[in-house]
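Some notes on the structure that comes next.
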Amino acid sequence: MSIKPLADRVVITMVEAEETTKSGIVLPGSAQEKPQVAEVKAVGPGTEEVKMEVKVGDKVLISKYAGTEVKIDGIEYTILKQSDILAIVE
């Protein structure tokens, strides 16, 4: 099954957070923050007012509590508006 977003919506998957700090300290799940970096999986066509600026495969920085989480075929996706994307990570 594939997801085709409508209007100015984008489908993303979250990038896994590191479980160990650079200094080697292992963080328990409760101490980890929700990751804010995601990979774009699908992009809607946009609207007359909103031109889509992201494309499939882009790594993006998103608002902390943005979007709606859905699970399809065992994979967790988040669907959000392009305006909830803060930046493209290069």
Considering the options Ile88, Ile12, Val11, which one meets the side chain to side chain contact (heavy atoms under 4.5 Å, CB included) requirement together with Val40?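 So, applying the side chain to side chain contact (heavy atoms under 4.5 Å, CB included) to Val40 and each of Ile88, Ile12, Val11, only Ile12 qualifies.
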
[X] [atom1] to [Y] [atom2] distance, which is reported to the nearest 0.5 Å:
X: Leu80; Y: Glu69; atom1: CG; atom2: CD; answer: 10.5 Å
X: Met52; Y: Arg9; atom1: CE; atom2: CZ; answer: 10.0 Å
X: Tyr65; Y: Gln36; atom1: OH; atom2: CD; answer: 8.5 Å
X: Ile85; Y: Glu53; atom1: CD1; atom2: CD; answer: 9.5 Å

For residues [X] and [Y], report the shortest heavy-atom separation together with the two atoms involved.
X: Ile79; Y: Ile3; result: CD1-CG2, 4.5 Å
X: Lys59; Y: Glu39; result: NZ-OE1, 3.3 Å
X: Val56; Y: Val43; result: N-CG2, 4.0 Å
X: Pro45; Y: Pro5; result: CD-O, 3.7 Å

**Item:** Carboxylate-amine/guanidinium contact Asp84 Lys81, below 4.0 Å
**Value:** no

Any side-chain heavy atom of Gln82 sitting closer than 4.5 Å to one from Val54? yes

- Query: Going by heavy atoms in the side chains, are Glu76 and Thr13 under 4.5 Å from each other?
  - Reply: no

